[in-house]
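Everything on this sheet refers to the single structure shown next.
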Amino acid sequence: MKKVIWFFLLVIVFLTLSAASIISLNTTEEIEGPFDVDELLSDSGLDEIMASEMAEKAAHPNINALPLVDNQALYQFDEPTSVVEMYITVRRGPVSDNTNHSWAEVNDATKFLFNTAEDVEVPKAEIIFQIGDENGPRPGEVGFGEVVPNATIQVRGNSTSMRSQKSFKIVLRDDTGGWRGQFTIPINKHNFDDTRVRNKLCFDIVKELPHLVSYRTQFVRLYVKDETSNPASQAFEDYGLFTHVEQPNKDFLRNHQLDPNGHFYKAEYFEFKRYPEEIRLADDPLYDLNAFETKLEVKGNEDHRKLISLLEKINNYTIPITETFDEHFDLDNYFSWMAFNILMGNLDTTSQDYFLYSPQNSERWYFLMWDYDAVLDRQAQSMFSKNPYQYWQKGIQNYSGVVLHRRVLMVEKYREMLGEKITELMAILTPEKINHMLTVYREVTEPYLLRMPDLYYYDEEQYEFQYQEMAGEIENNFDLYRRSLEEPLPFFLGIPENTSAGVKFNWEESYDFDGEEITYLVQISRDYNFSEMIVERSVENFTEIAIEEELPEGAYFWRVVATNESGFVQYPFDYYRDPDNVIHEGMRQYYITKEGKVIQR
């Protein structure tokens, strides 16, 4: 349209000038002064028209410098006090869809046992999925009036599927139109969270934070009518309280205004190593998706060239980490993600429970959050668990075993950026704010937890203790973060080996942020309490030692304690798990055979 306007303007100017020239040639009167085009345009009003078209245009954004921005419109109808009533009617489906299973088979399935190299499907069943209220399915909602199945259901989660109360994944058929723009509906029982509110608490907070992407969450009450039983059930059975957390998939990316065709990976056991045997290109003859997904679950684009290039740079120590990090990561996103995890005490985010996302035509990667059902529980772990958190599971130290994080956090300016983000968040995550949110959630959820079926699993002592302690956990985690800056970094023990000089023990080098000298104390004992000490040697400037003493056949324990000049200590990442499944941190067990050979367990 603009081109057309310009064309007619130019024609008008040309005709005007031509007319003026003709007049000047045919008139006998002298024309005073030079011909003024600007004055002519001004008199005609054309100058204003032309000026209005000379709009200032913004420069095109650099795709490799775009910040991570969530779609806030998704949350405009969120109501933290609401509970959605879901009704499912279970029926057997066809064998070809693996849905020819009874509700008992689905509900008894243990997904953890299927976590093998084989691609084994857990049992599913067909269901009629309906949304309603406490009286039943409601007109105008998904599934109302349906008489044939419109979805499938199966258990979800690995370790959680071993619990009596299961979590489920519901997949709606395309012709249902979806529920709130979603076709995959996970509903979680959160067995490991006595309060059942931690995930919702965190994702509701993240909605308010820049540089991060959150998830829509919803408290759910599930009713099940089992028509696969004999005789078939005629009534809906109450299965109690669940929490729906939006499924991270291509629909999720699209709904949050991210690139649905981008690269999207879920960390399963991923420490940013190269993993050449597992992480290969999809057209590599040795490519094995199952092996790949022991490290990263593929949720998006299957062209892995960009990922492999990134890992090769991160693991190439001749390339400064500042060059790789600044080029390929959004610093605001990275440090916001890490700061939030540190303050909330989400310790499982070192090698799992997060997503890596990169738009398909970008070289930049972003961290997306996932799974917060174990946050703010350090005091509860100390009080009720036989395996409380290990010494190094705090602050920066918790991330130092991951290649990317260790290299990044050894750079002073990056540690300062992290500190700034933590300070910003501390001003937001106040005890008053957390307590207010917990009070709102508790009023909603507690009536469900105090009646069957959830009452059967209710532990009043732990429940009350956790509600009392959660808000104060953030300040405690902040203090632990500050202490983690003063202590040496944790490290891994090596494997003892027989040499001509005796048994050689080795370990990784620790690191001190202030550049202080580190002394290593090597200890060997007959027991894991180190009450029967056999060897105790102090080592400086070395990370190995040879023990000449010939020890008799049997089991031994060894550890190394690192101490900096300020007197702060650190222990290895390693641990020994005894026959009662109790973890003893910072040590390894090894055996000496009759022949004197050393074998580490």
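Under the ring pair (Phe, Tyr, Trp, His ring centres under 6.0 Å) criterion, Y239 pairs with W103, not counting sequence neighbours. With sequence neighbours left out, H405 forms a side-chain hydrogen bond (donor to acceptor under 3.5 Å, both in side chains) with Y334. Residues forming a ring pair (Phe, Tyr, Trp, His ring centres under 6.0 Å) with H101 (at least two apart in sequence, or on another chain): none. For Y414, the ring pair (Phe, Tyr, Trp, His ring centres under 6.0 Å) criterion is met by F325, not counting sequence neighbours. Partners of E268 by side chain to side chain contact (heavy atoms under 4.5 Å, CB included), not counting sequence neighbours, listed by chain and number: K266, E297. In this structure, the side chain to side chain contact (heavy atoms under 4.5 Å, CB included) partners of R364, at least two apart in sequence or on a different chain, are D330, S362, Y366. Residues passing the ring pair (Phe, Tyr, Trp, His ring centres under 6.0 Å) test with F384, sequence neighbours excluded: F465. For E146, the side chain to side chain contact (heavy atoms under 4.5 Å, CB included) partners are I128, V148, N150, not counting sequence neighbours. Scored by the side chain to side chain contact (heavy atoms under 4.5 Å, CB included) test, D78 finds Y75, K207 as partners (sequence neighbours excluded).
Summarising the geometry of F264 relative to N249, their closest heavy-atom pair is CE2-N, 4.0 Å, with the distance given to 0.1 Å. The nearest pair of heavy atoms linking N476 to Q379 is ND2-NE2, 3.3 Å. Nearest heavy atom pair, residue N100 against residue R92, reads O-NH1, 3.2 Å.
Counting only residues at least two apart or in different chains, salt bridge (charged side-chain N to carboxylate O under 4.0 Å, His left out) contacts with residues 239-261 comprise R216-E246, D251-R254. Here side chain to side chain donor-acceptor pair (under 3.5 Å) pairs that include residues 416-431, with residues two or more places apart or in two chains, are D332-K421.
Rounding to the nearest 0.5 Å places CG of L368 at 5.0 Å from OH of Y215. Considering OH of Y223 and CD of E85, their distance stands at 4.5 Å, rounded to 0.5 Å. To the nearest 0.5 Å, atoms CG (L376) and CG (L201) are separated by 6.5 Å. With rounding to the nearest 0.5 angstrom, the CG atom of L418 is 8.0 Å from the CG atom of L485. Once rounded to the nearest 0.5 Å, the distance linking CZ of F219 with CG of L241 reads 6.5 Å.
Annotation: side chain of I428 is not in contact with side chain of F340 (no heavy-atom distance under 4.5 Å). Looking at K124 and D97, their side chains never come closer than 4.5 Å, going by heavy atoms from C-beta outward.
Ring geometry for W179 against H244 counts as perpendicular: the plane angle is over 60°, on a 0 to 90° scale with 30° as the lower cut. Y354 and F367 have tilted rings, their planes meeting at an angle from 30° to 60° on a 0 to 90° scale. Ring-plane geometry between H304 and Y265 is classed as tilted, the angle between the planes lying from 30 to 60 degrees on a 0 to 90 degree scale.
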Which side-chain N or O atoms in residues 437-450 pair as donor and acceptor under 3.5 Å with protein atoms at least two apart or in another chain?
residue, atom, partner, partner atom, Å
T439, OG1, N435, O, 2.8
Y441, OH, D204, OD2, 2.6
R442, NE, E446, OE1, 2.6
R442, NH2, E446, OE1, 3.2
R442, NH2, E464, OE1, 3.2
R442, NH2, E464, OE2, 2.8
T445, OG1, Y441, O, 3.0
E446, OE1, Y463, OH, 2.9

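Comment: D175 does not engage R173 in a salt bridge, judged by the lack of any side-chain N to carboxylate O separation of less than 4.0 angstrom. By the 4.0 Å N-to-carboxylate-O rule, E126 lies too far from R91 to be salt-bridged with it.
A side chain to side chain contact (heavy atoms under 4.5 Å, CB included) with R198 is found for one member of N346, D371, D193, T243 and no other, namely D193. When each of D377, D194, T195 is checked for a side-chain hydrogen bond (donor to acceptor under 3.5 Å, both in side chains) with Q466, only D194 meets the rule.
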